[in-house]
*Asks:* 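One structure follows; several queries about it will come next.
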Amino acid sequence: MDIARNPERPDANPEMADAAPEPQAPATVRREDYTPPAWLVPEIHLDFELGLEVTKLRTTMKVERNPDGAADRTIHLCGDGIAVRELTVDGAQAEGWTMSGANLLLPLSGDAAEIMVETHLHPSTNSQLMGLYASNGMLCTQCEAEGFRRITFFPDRPDVLSRYTVRMTGSKADFPVLLSNGNCTEAGEDGDTHYAVWHDPWPKPSYLFALVAGRLVSRRDSFTTMSGRKVDLAIWVREGDEDRTGHAMESLKHAMRWDEETFGREYDLDLFNIVAVSDFNMGAMENKGLNIFNTRYILANPDTATDADYDAIEGVVGHEYFHNWSGNRVTCRDWFQLSLKEGFTVLRDQMFSAAMGSAPVKRIEDVRILRAAQFPEDSGPLAHPIRPDSYQEISNFYTATVYNKGAEVIRMMHAMAGEKAFRKGSDLYFERHDGEAATCEDFITAMEDGAGLDLRQFRRWYEQAGTPRVTMRAEHDADEGAVTLHFTQAVPATPGQPDKKPMPIPLRIALFDREMRRHGGEKLLMLDAAENSFRFTGCAMPPVVSANRGFSAPIVLDADMSDTDLVFLAAHDDDSFARYEAQQQLLTRELLGRDADGAGGDRRAAIADALGAVLDDTRIDDLMRGELMTLPAISFLIEQAVPADPGALVAARDGLREYLGTRLSGPLNALYERAAAVPYDLSAESRGARKVKTLALSLLSAADAAQGARLAQAQYRAADNMTDRQGAMMVMANLDVAEREELLADFHRRHAGDALVIDKWFAIQASASHADVLDHIAALADHPDFTMKNPNRVRSLFMTMAGNPAAFHDESGRGYTMIADLVIALDPINAQTAARFVPALGRWRRIEPKRAAMMRAALERIAARPRLSKDVREQVGKSLED
Ligand code: B3K
Ligand code: ZN
């Protein structure tokens with residue numbers, strides 16, 4: 001339902017509140033229905049009279065018939081919750097215009113015209129945080145995907161590219177800083193008000209428009225590009241936060257340099273602005289020359305941000321910057337092509353972070369995210385290809401599939417082409433489509449032409465949803481000294497796609513000589529059929545096969561290996577990912593209660609031995625050691641055991657942690673002491689020490705709560721940084737000990753008023769495995785610091801809870817009820833954020849019947865509500881479909 005039709009919505013435009021509150025079935029938009037726009041808008045001029053309560057806007061656009069579009073005399077201008085105040089065509093009152101729902105249809109007599117439309121906006125009541133809204137007394141915008149239509153009437157689709165000129169007038173006191181895309185070309189003042197004019201020379205789609213006005217201060221720097229141009233850089237924050245912007249600025253400069261060196265991409269304006277706002281629906285937004293960020297991906301200092309926060313800032317600053325080419329210079333033709341910019345840009349930010357830090361650790365982290373977030377999507381009711389075929393609400397398609405699997409698909413092209421040829425392909429793509437609104441097909445074709453790949457069958461990765469399941473069986477022929485690897489593959493059925501075709505799967509493998517503990521070189525196999533076999537000679541003994549090294553393909557591989565072979569690879573594989581993977585497989589088998597096979601029959605002991613070897617292996621650094629000490633996520637285990645019993649999985653994981661903590665208490669204590677002695681800085685050594693320290697503490701406390709509480713208390717008190725303090729608090733939050741409350745109160749007191757740290761305080765408690773976790777969460781929802789208006793705060797409590805299996809899957813079903821209540825209460829305030837909570841309930845089919853029935857009932861309760869947003873309705877409807 002659009003906001004103009006829902007009087008319950010707090011941000012409903014008062015002018016539109018009388019409109020009929022008729023709920024309509026949301027229309028389905030289909031990829032195959034794409035037609036080019038009938039009208040283009042080469043130029044647009046926005047004239048804002050700024051106010052928090054009312055902002056008045058006069059939009060002037062030059063429009064012209066699109067020679068490649070349909071011969072439609074009527075221009076279709078999208079609107080959402082806005083009303084026409086005044087409308088002229090070539091200076092005269094417009095005639096014959098009509099409204100079609102929220103959209104404006106305006107007949108035009110010639111092939112070109114100048115249209116002026118006036119709209120009034122109400123930023124301070126815009127709680128959806130789309131369009132123009134107020135955050136902490138400042139004005140800012142979010143237009144992707146369809147927010148521009150909440151500002152003015154416009155053909156709000158990404159294939160309409162315009163040159164923007166923006167004039168802002170406002171109170172000097174309220175809005176001392178006035179920013180928009182491009183460069184400031186004029187500024188002046190008149191008594192208490194002032195104005196600024198900004199011009200962006202690069203034609204762009206409306207989703208990249210941005211405006212910010214408010215009391216802001218900036219950190220300044222500059223960057224000299226590869227052709228010697230000086231670019232001014234500024235990061236704008238609220239007064240008092242400027243000291244926390246250093247890391248973001250360094251990350252930006254590193255990203256600019258890296259993109260020049262790795263992809264040959266140079267920045268193209270004289271100015272690059274970033275603004276941090278505290279009320280934001282997602283991480284950040286790549287508006288041309290004026291990125292807008294969630295404060296959480298900008299602000300950091302050692303006292304308030306963890307090492308993970310520092311990494312996330314580097315990654316997101318890089319990601320948004322890289323969009324300047326993969327997204328802005330070459331944009332998307334329509335929203336079905338979203339992965340064209342997002343998948344590619346995620347790959348670019350992953351490569352950047354790998355280059356800035358530890359590449360093997362980054363790869364493990366990225367695969368962990370893919371498996372925890374994307375695999376469940378691919379196996380559930382919301383499964384969709386990386387290039388979807390249809391949607392009702394595009395905001396629901398900013399998914400791990402489009403982003404992370406999209407990145408994996410392009411990473412496979414990289415693996416098949418090799419570094420140099422891949423670069424030729426990306427160069428050709430940028431050169432061919434610069435200034436255009438392109439498609440995934442354009443990208444694939446450029447890769448074929450530039451990198452010399454044949455991607456005919458590979459296109460299936462864009463068409464088919466679902467994670468391919470691959471089995472591998474090794475057959476050894478002792479007489480011939482040969483081994484044959486037999487592969488089968490199947491892509492599971494997904495909604496709307498019952499039958500799948502085989503995918504081309506690039507699989508990096510190595511055959512280890514069991515005795516020499518070496519392999520004779522890595523190979524890249526291409527699977528391309530339901531069954532493939534490959535024969536290798538020179539194997540007198542059956543080799544240990546290390547397959548899907550580096551996670552070369554986003555698949556589930558059942559390699560039919562004995563525990564003994566997994567123990568071998570966990571100890572000897574030279575590919576860090578494969579070593580990690582062997583250990584995860586062993587752990588997964590154990591946690592799923594699968595029978596031990598080999599390794600002396602005692603898998604627990606074998607796991608403890610392998611982990612023991614990891615704890616003091618001097619060949620690996622602490623950052624990698626931390627990965628090898630991390631147990632598989634329950635969300636990953638749920639995927640492996642259908643129907644899953646989350647309670648049993650949580651108990652199995654807790655039991656194994658207790659066992660490992662007890663068996664390895666000596667080496668864990670030694671590791672803890674060694675790591676605790678390393679002083680704080682941001683070097684890899686120091687960060688690695690903090691990582692293993694808290695992991696060791698967590699295992700030790702699983703074995704001995706009293707010792708855990710003692711160590712956690714001491715770590716908390718001694719901490720000179722947030723990583724140690726948060727780590728100690730997370731361990732303490734799980735324990736039923738008196739010091740728990742004391743430390744939580746201290747943490748809150750210490751960081752009162754610092755929103756990002758108070759978010760952590762909520763999240764720490766919501767992620768705990770404490771027996772009373774649901775009571776704690778219910779109490780926190782009533783805490784004076786909790787608000788439904790701030791997405792970070794909502795996520796810190798409830799998204800954390802939805803990701804905490806001990807809480808969400810509590811056998812009482814109360815976790816499901818709480819999430820359903822949240823969705824119902826949040827939907828009228830912020831539909832986009834509310835819809836993000838639905839997929840957790842939508843996984844009911846993979847859960848044991850008792851819980852599944854309660855999850856389904858929670859969805860049905862949401863579905864029965866009379867006025868749901870399009871966002872929530874689509875997700876709930878699909879989650880309940882048979
Ligand atoms: N492109 C934006 C995401 C916009 C989401 C709109 N619902 C951020 C990013 O991926 O870089
Ligand atoms: Zn992005």
Side-chain angles (χ1 to χ4, degrees), residues 80 126 128-131 133 140-151 156-158 181 204-210 248 251-252 255 259 274-277 279-294 296-298 312-332 334-353 366 369 373 386 388 391-407 410 437 791 795 830-837 839 869-872 874-875:
D80 180 359
N126 180 356
Q128 302 286 339
L129 313 185
M130 284 293 279
Y133 65 93
C140 65
T141 53
Q142 172 56 34
C143 292
E144 187 176 0
E146 297 180 337
F148 194 65
R149 62 187 65 184
R150 291 165 62 89
I151 294 175
D156 189 15
R157 43 186 288 171
N181 315 90
K204 64 171 174 286
S206 50
Y207 82 86
L208 290 173
F209 161 75
S251 301
L252 174 60
D259 210 18
I274 290 180
V275 180
V277 300
D279 301 288
F280 207 63
N281 276 341
M282 62 268 170
M285 178 64 213
E286 70 263 25
N287 316 297
K288 182 80 187 188
L290 177 55
N291 285 189
I292 299 183
F293 270 65
N294 190 322
R296 98 172 259 204
Y297 295 110
I298 290 294
I313 288 169
E314 181 179 76
V316 179
V317 167
H319 180 99
E320 304 311 327
Y321 174 73
F322 302 142
H323 268 314
N324 190 55
W325 274 95
S326 48
N328 301 2
R329 287 286 286 258
V330 184
T331 193
C332 298
D334 55 69
W335 292 119
F336 296 105
Q337 319 298 329
L338 186 58
S339 201
L340 174 73
K341 74 178 179 82
E342 295 304 349
F344 189 24
T345 305
V346 170
L347 176 67
R348 278 151 57 68
D349 85 51
Q350 291 177 347
M351 291 168 70
F352 167 61
S353 295
D366 291 338
I369 294 169
I386 64 167
Y391 61 78
Q392 291 169 11
E393 170 51 63
I394 186 58
S395 295
N396 288 332
F397 284 79
Y398 286 76
T399 58
T401 298
V402 166
Y403 275 63
N404 302 63
K405 186 175 179 181
I410 302 177
R795 283 188 287 254
N830 186 332
Q832 207 178 103
T833 302
R836 298 232 148 208
F837 288 89
S869 65
K870 196 158 71 144
D871 312 54
V872 167
E874 176 174 30
Q875 299 301 71

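In each ligand, atom 1 is the first atom listed, and ligand 1 is the first ligand listed.
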*Asks:* So, using salt bridge (charged side-chain N to carboxylate O under 4.0 Å, His left out) as the criterion, who are the partners of Asp279 when residues are at least two apart?
*Replies:* none
*Asks:* Any N/O/S atom of Glu342 sitting less than 2.8 Å from the Zn ion (ligand 2), backbone or side chain?
*Replies:* yes
*Asks:* Would you check if there is a donor-acceptor pair between the side chains of Thr331 and Tyr207 at a distance under 3.5 Å?
*Replies:*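 Yes - a donor-acceptor pair under 3.5 Å links their side chains.
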*Asks:* Could you tell me which residues satisfy salt bridge (charged side-chain N to carboxylate O under 4.0 Å, His left out) with Glu286, sequence neighbours excluded, listed by chain and number?
*Replies:*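 In terms of salt bridge (charged side-chain N to carboxylate O under 4.0 Å, His left out), with neighbours along the sequence ignored, Glu286 is linked to Lys341.
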*Asks:* State plainly whether the residues Arg149 and Asp80 are in salt-bridge range, i.e. N to O under 4.0 Å.
*Replies:* no
*Asks:* Using heavy atoms and a cut-off under 4.0 Å, could you grab the residues that are in contact with ligand 1, chain by chain, numbers ascending?
*Replies:*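 Protein residues near ligand 1 are Glu144, Met282, Ala284, Met285, Glu286, His319, Glu320, His323, Lys341, Glu342, Tyr398, Tyr403, Gln832.
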*Asks:* Using the six-membered ring of Phe352, assess whether NZ or CZ of Arg348 lies under 6.0 Å from its centre and within 45 degrees of the ring axis.
*Replies:* no
*Asks:* Does anything in residues 316-331 pair up under salt bridge (Lys or Arg N to Asp or Glu O under 4.0 Å), and if so which pairs, sequence neighbours excluded?
*Replies:* Asp268-Arg329, Arg329-Asp434
